[in-house]
Amino acid sequence: MYHVVPVAPGEPQRAGGGGGSPLKKKRSHEGRPLVAVSLLGCVLVLAAVVAWCYYSASLRKAQLLKAELLELDKDGFVIHNQAGAVVFSMTFRSGTLDLDSCKKERNIMSCTRSDSGKLNFFIQTVRLKDTVMCYRVRWEELQSKRSVEHAMAYNDSHWYGGAETATQYWPIRIQGEEEPQPFITSDVYSNRKAFGGILERYWLSSNATAIKINDSVPFHLGWSEKDRTLRFQARYEDSPFRPPEGQQALPELSYRVCVGSDVTSIHKYMVRRYFPKPIKVPSPEVFKQPLWSTWALHKTAVTQEKLLRYAADITKHGFTCSHLELDDRYTADYGEFDFDPQKFPNASGMFDELREDGFQVSLWTHPFINYDSVNFGVGVEKGLFVREPSGELPALVRWWNGVGGILDFTNPEAREWYSSQLRMIKARYGVTSFKFDAGETSYLPRQFSTLVPLSDPSTFTRLYAEMAIPFSERAELRVGYQSQDISCFFRIIDRDSVWGYELGLKSIIPTVLTISILGYQFVLPDMIGGNAYPNRTVAGLDGNSLLPDRELYIRWLELSAFMPAMQFSIPPWAYDNEVVQIAQKFTALHESLVAPRVLELAGKVLDTGDPIIRPLWWIAKDDEATYKIDSQFLIGDDLMVAPVLEPGKQERDIYLPAGHWKSYKGEHYDKGPRYLTDYPVDLDEVAYFTWVH
């Protein structure tokens with residue numbers, strides 16, 4: 001029977017007719033931990049689901065940012081080879097990618113934001129053949145005008161290419177810390193820390209990787225010895241680069257990286273695909289017989305009498321001559337195109353006499369018209385000169401022979417005027433060709449304007465180099481930028497009469513190898529013995545003349561005999577009869593042994609662009625020892641040369657890659673690779689070896 005329990009006033013009545021039993025209250029208290037556990041379980045399940053979703057998204061993002069051996073993250077990217085080793089790595093120094101803005105569509109990964117705002121970034125993968133994979137990379141700022149910089153790591157490999165430099169090493173040595181500088185052509189004889197007159201935006205690695213910076217980039221190059229990186233930077237601020245007309249100064253850094261199976265094959269691929277090739281082989285006579293220049297011997301004191309005596313002495317001592325090169329200074333003023341009547345009283349008669357004696361003559365020329373030349377007024381009147389930024393007045397420039405205007409080769413009128421002056425003097429005297437000096441952008445004013453604006457100042461170098469095309473059979477240039485298709489001889493910059501790597505004898509092989517890798521194969525290695533400037537010379541036998549050190553001269557001569565062409569100025573007879581005999585021996589060896597090989601290889605350059613002078617790794621692709629050898633080289637694949645480049649030495653260590661080699665002494669060396677230590681090389685010898693098939 002139920003009892004009704006009265007409810008106190010104000011107390012709510014509980015459902016079920018009362019406050020519930022004590023048992024029910026006990027059960028209610030016991031259920032609370034179960035609810036808490038359930039809630040905790042739900043939270044844990046939810047967390048697991050979130051974590052799984054995040055993990056799945058991360059996996060998808062990781063897959064999104066991978067493509068054909070390349071991995072991208074916010075700070076840069078790395079490329080692996082087929083074996084999985086990292087062969088290339090690039091760090092984004094100027095900003096980081098916002099990975100949430102990235103996507104992948106087929107073979108293109110792209111991003112639209114960085115930590116500084118909007119950008120156009122992409123990496124496109126291009127498999128061009130089974131052994132070559134390439135990646136097109138572009139970082140284009142859409143809001144910020146600051147610089148874009150990527151840093152390429154060395155990755156324990158050896159790098160080659162870039163530019164001719166005053167202190168030239170093979171492979172490249174990173175020394176010190178250098179902020180990015182404009183990568184433009186400069187005269188490294190006068191500015192030893194600049195980039196040289198022959199350069200290309202191309203580097204090659206022993207890891208079988210290569211990088212080529214796009215032409216449109218306002219490109220600056222720096223490096224860090226501490227970080228072991230090359231710093232690639234694009235900028236317009238505080239730079240000689242200008243954006244194309246009508247475009248904002250928003251920098252863009254774009255390039256392509258290609259990875260191959262070995263260093264030789266990837267270089268062959270890059271050259272065939274991206275470098276222009278010469279259209280013909282220059283004069284075979286220059287490859288066979290030495291060129292004789294007046295410069296180191298007579299400097300600016302050359303006269304008609306001295307030139308005729310020089311030619312007579314060449315014949316008297318039994319030497320051949322492809323042509324005589326009449327250097328600075330045969331005109332009365334710089335910027336004129338006829339002979340100084342005081343120094344050359346009968347120029348026509350002189351040319352007739354030289355022709356009768358079997359000599360052809362080329363003349364020195366340059367792009368400057370000094371203010372005291374009669375042609376300076378002509379240039380001003382016709383508007384032929386590079387101008388000040390306003391475009392109203394010609395800009396005066398200082399060069400090594402004074403002050404004047406520099407011809408504006410973007411101006412068709414200036415090009416035609418200069419070319420017509422050369423044609424006139426060529427026709428009047430029967431001149432065979434010209435030595436085109438200078439042409440570096442370092443001789444442009446710091447601020448200037450040209451008829452056609454120059455986005456890239458080095459375009460000026462290319463335009464100047466084109467002036468040699470009508471005379472290319474025996475023409476000589478010392479500058480090149482995208483100029484590999486100009487079929488003339490490219491001379492390395494003037495050398496000092498010293499042994500070392502700074503414009504000395506040891507720098508010749510690294511420099512020739514470097515510009516060969518850049519696509520310039522018809523190389524003149526400058527004058528035997530160097531330029532004989534007073535602080536680099538010793539007194540001659542007559543007590544008056546200043547000569548390079550005798551041993552240096554002989555070793556220089558021997559090295560030059562194995563280069564594509566030989567160039568004398570200081571004559572062998574300035575020393576003694578032994579030097580004359582050594583010179584006769586090596587000019588004959590050049591003509592009989594070296595020139596036929598060089599000419600055969602030169603014909604192939606037109607199709608392939610492959611070097612004539614090659615590094616040892618060209619035939620020993622997996623031999624790490626060959627990556628660092630800078631004192632030996634190959635002519636083609638089967639003639640290896642190891643000159644002596646140290647004073648006081650009549651022996652040297654020689655590295656023979658694997659194979660069967662025969663020395664110039666008749667010795668045979670099989671198998672290998674092997675070192676020949678202290679191999680004897682007399683003062684009148686060069687060690688060379690031929691591959692025996």
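Just so you know, these numbers use all the heavy atoms, side chains as well, and skip hydrogens, waters and symmetry mates.
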Novice: Centre-to-centre under 6.0 Å for Tyr330 and Phe344, is that the case here?
Specialist: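 They do not qualify: ring centres at least 6.0 Å apart.
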Novice: Test Thr432 against every option in Gln360, Glu325, His323, Lys426 by the side chain to side chain donor-acceptor pair (under 3.5 Å) rule and name the one that passes.
Specialist: Gln360
Novice: Please tell me whether Tyr189 and Asn531 have a donor and an acceptor in their side chains that are separated by less than 3.5 angstrom.
Specialist: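 No pair is found: no donor N or O on one side chain lies under 3.5 Å from an acceptor on the other.
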Novice: For Tyr501, does the six-membered ring have the charged nitrogen or CZ of Arg173 within the cation-pi criterion, i.e. under 6.0 angstrom from the centroid and within 45° of the normal?
Specialist: yes
Novice: Is Arg550 close enough and on-axis enough to Tyr553, meaning under 6.0 Å and within 45°, for cation-pi?
Specialist: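 Negative - Arg550 is either too far from the ring of Tyr553 or too far off its axis.
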Novice: Not counting sequence neighbours, which residues clear side chain to side chain contact (heavy atoms under 4.5 Å, CB included) with Glu600? List them please.
Specialist: Lys604
Novice: Is there a donor-acceptor contact under 3.5 Å linking the side chains of Ser322 and Glu285?
Specialist: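 There is no such pair (donor and acceptor under 3.5 Å, judged by atom type) between the side chains of Ser322 and Glu285.
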Novice: Is the count of non-hydrogen atoms from other residues, nucleotides or ligands lying under 6.0 Å from Phe275 atom CZ greater than 12?
Specialist: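 Enclosed: over 12 neighbouring heavy atoms sit under 6.0 Å from CZ of Phe275.
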Novice: Would you say the side-chain atoms of Arg423 and Ser419 include a donor-acceptor pair closer than 3.5 Å?
Specialist: yes
Novice: Going by the rule side chain to side chain contact (heavy atoms under 4.5 Å, CB included), which residues pair with Thr514 if we only count those two or more places apart in sequence or in a different chain?
Specialist: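 With sequence neighbours excluded, Thr514 shows a side chain to side chain contact (heavy atoms under 4.5 Å, CB included) to Gln168, Trp170, Leu518, given in chain and number order.
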Novice: Take Gln521 and Asp610 through the side chain to side chain donor-acceptor pair (under 3.5 Å) test and state the conclusion after the steps.
Specialist: CA-CA 8 Å; Gln521 312 307 347; Asp610 289 346; over 6 Å; no
Novice: May I have the step-by-step check of ring pair (Phe, Tyr, Trp, His ring centres under 6.0 Å) for Trp292 and Phe359, ending in yes or no?
Specialist: CA-CA 10 Å; Trp292 297 78; Phe359 289 96; 9.1 Å; no
Novice: Taking the six-membered ring for Trp and the single ring otherwise, decide whether the centroids of Phe232 and His220 are under 6.0 Å apart.
Specialist: no
Novice: Please say whether more than 12 non-hydrogen atoms of neighbouring residues, nucleotides or ligands are located less than 6.0 Å from NZ in Lys277.
Specialist: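 Enclosed.
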Novice: Please determine which of Leu363, Thr294, Ile314 meets the side-chain contact (heavy atoms from CB on, under 4.5 Å) test together with Leu324.
Specialist: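 Single pass found, and it is Ile314.
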Novice: Is a donor on one side and an acceptor on the other found under 3.5 Å between the side chain of Ser497 and the backbone of Ala532?
Specialist: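 Between the backbone of Ala532 and the side chain of Ser497 there is a qualifying donor-acceptor contact (under 3.5 Å).
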Novice: Give a yes or no on whether the backbone of Thr410 and the side-chain of Asp408 come within a donor-acceptor separation of less than 3.5 Å.
Specialist: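 Side chain of Asp408 to backbone of Thr410, a donor-acceptor pair under 3.5 Å: yes, one is there.
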Novice: Between the side chains of Asp496 and Tyr533, does any donor sit under 3.5 Å from an acceptor?
Specialist: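 On atom types as modelled, these side chains do not qualify, holding no pair under 3.5 Å.
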Novice: Are Phe368 and Tyr443 close enough that their ring centres sit under 6.0 Å apart?
Specialist: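 Yes: the rings meet the under 6.0 Å criterion.
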Novice: So, Thr365 and Tyr418: side-chain donor and acceptor under 3.5 Å apart, yes or no?
Specialist: yes
Novice: With distance as the sole criterion, is a donor-acceptor pair present between the side chains of Asn401 and Asp328 under 3.5 Å?
Specialist: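 Judged by distance alone, the side chains do pair up.
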Novice: Between Arg329 and Tyr334, is NZ or CZ placed under 6.0 angstrom from the six-membered ring centre and within 45° of the ring axis?
Specialist: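 Relative to the ring axis of Tyr334, which defines the angle, Arg329 lies inside both limits.
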Novice: Is the distance between the ring centroids of Phe287 and Phe489 less than 6.0 Å?
Specialist: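 Yes - the distance between ring centres of Phe287 and Phe489 falls below the 6.0 Å cut-off.
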Novice: Run the numbers on Asp313 and Lys306 for salt bridge (Lys or Arg N to Asp or Glu O under 4.0 Å), then give the verdict.
Specialist: CA-CA 10 Å; Asp313 284 343; Lys306 290 177 179 178; over 6 Å; no
Novice: Answer with yes or no after comparing the ring centroid distance for Tyr274 and Tyr202 against a 6.0 Å cut-off, counting only values under it.
Specialist: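 When the ring centroids of Tyr274 and Tyr202 are compared, they turn out to be at least 6.0 Å apart.
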Novice: Side chains of Glu164 and Thr511: any donor to acceptor distance under 3.5 Å?
Specialist: no
Novice: State whether Arg231 and Glu179 are salt-bridged, where the test is any N-O pair (Lys NZ or Arg NE/NH1/NH2 against Asp/Glu carboxylate O) under 4.0 Å.
Specialist: yes
Novice: Return the orientation label for the Tyr310 and His298 ring planes: parallel under 30°, perpendicular over 60°, tilted otherwise.
Specialist: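 Perpendicular: the ring planes of Tyr310 and His298 meet at over 60°.
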Novice: Any idea how His366 and Trp364 line up, ring-wise: parallel (<30°), tilted (30 to 60°), or perpendicular (>60°)?
Specialist: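 Tilted.
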Novice: Quick one: do Asp485 and Lys280 satisfy salt bridge (Lys or Arg N to Asp or Glu O under 4.0 Å)? Show the steps, please.
Specialist: CA-CA 9 Å; Asp485 56 343; Lys280 63 179 181 177; over 6 Å; no
Novice: Please identify which of these residues, Arg478, Arg491, Arg495, meets the salt bridge (charged side-chain N to carboxylate O under 4.0 Å, His left out) condition with Asp526.
Specialist: Arg491
Novice: Rounded to the nearest 0.5 Å, how far does CZ of Phe385 lie from CG of Leu396?
Specialist: 9.0 Å
Novice: Does the side chain of Ser205 pick up a donor-acceptor pair with the side chain of Ser157 at under 3.5 Å?
Specialist: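 Looking only at side-chain atoms, Ser157 and Ser205 do form a donor-acceptor pair, the distance falling under 3.5 Å.
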Novice: Check Glu646 with Arg652, please: is the shortest side-chain N to carboxylate O separation under 4.0 Å?
Specialist: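 No, Arg652 and Glu646 are not salt-bridged.
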Novice: Measure the acute angle between the ring planes of Phe409 and Tyr464, then classify it against the limits of 30° and 60° as parallel, tilted or perpendicular.
Specialist: tilted
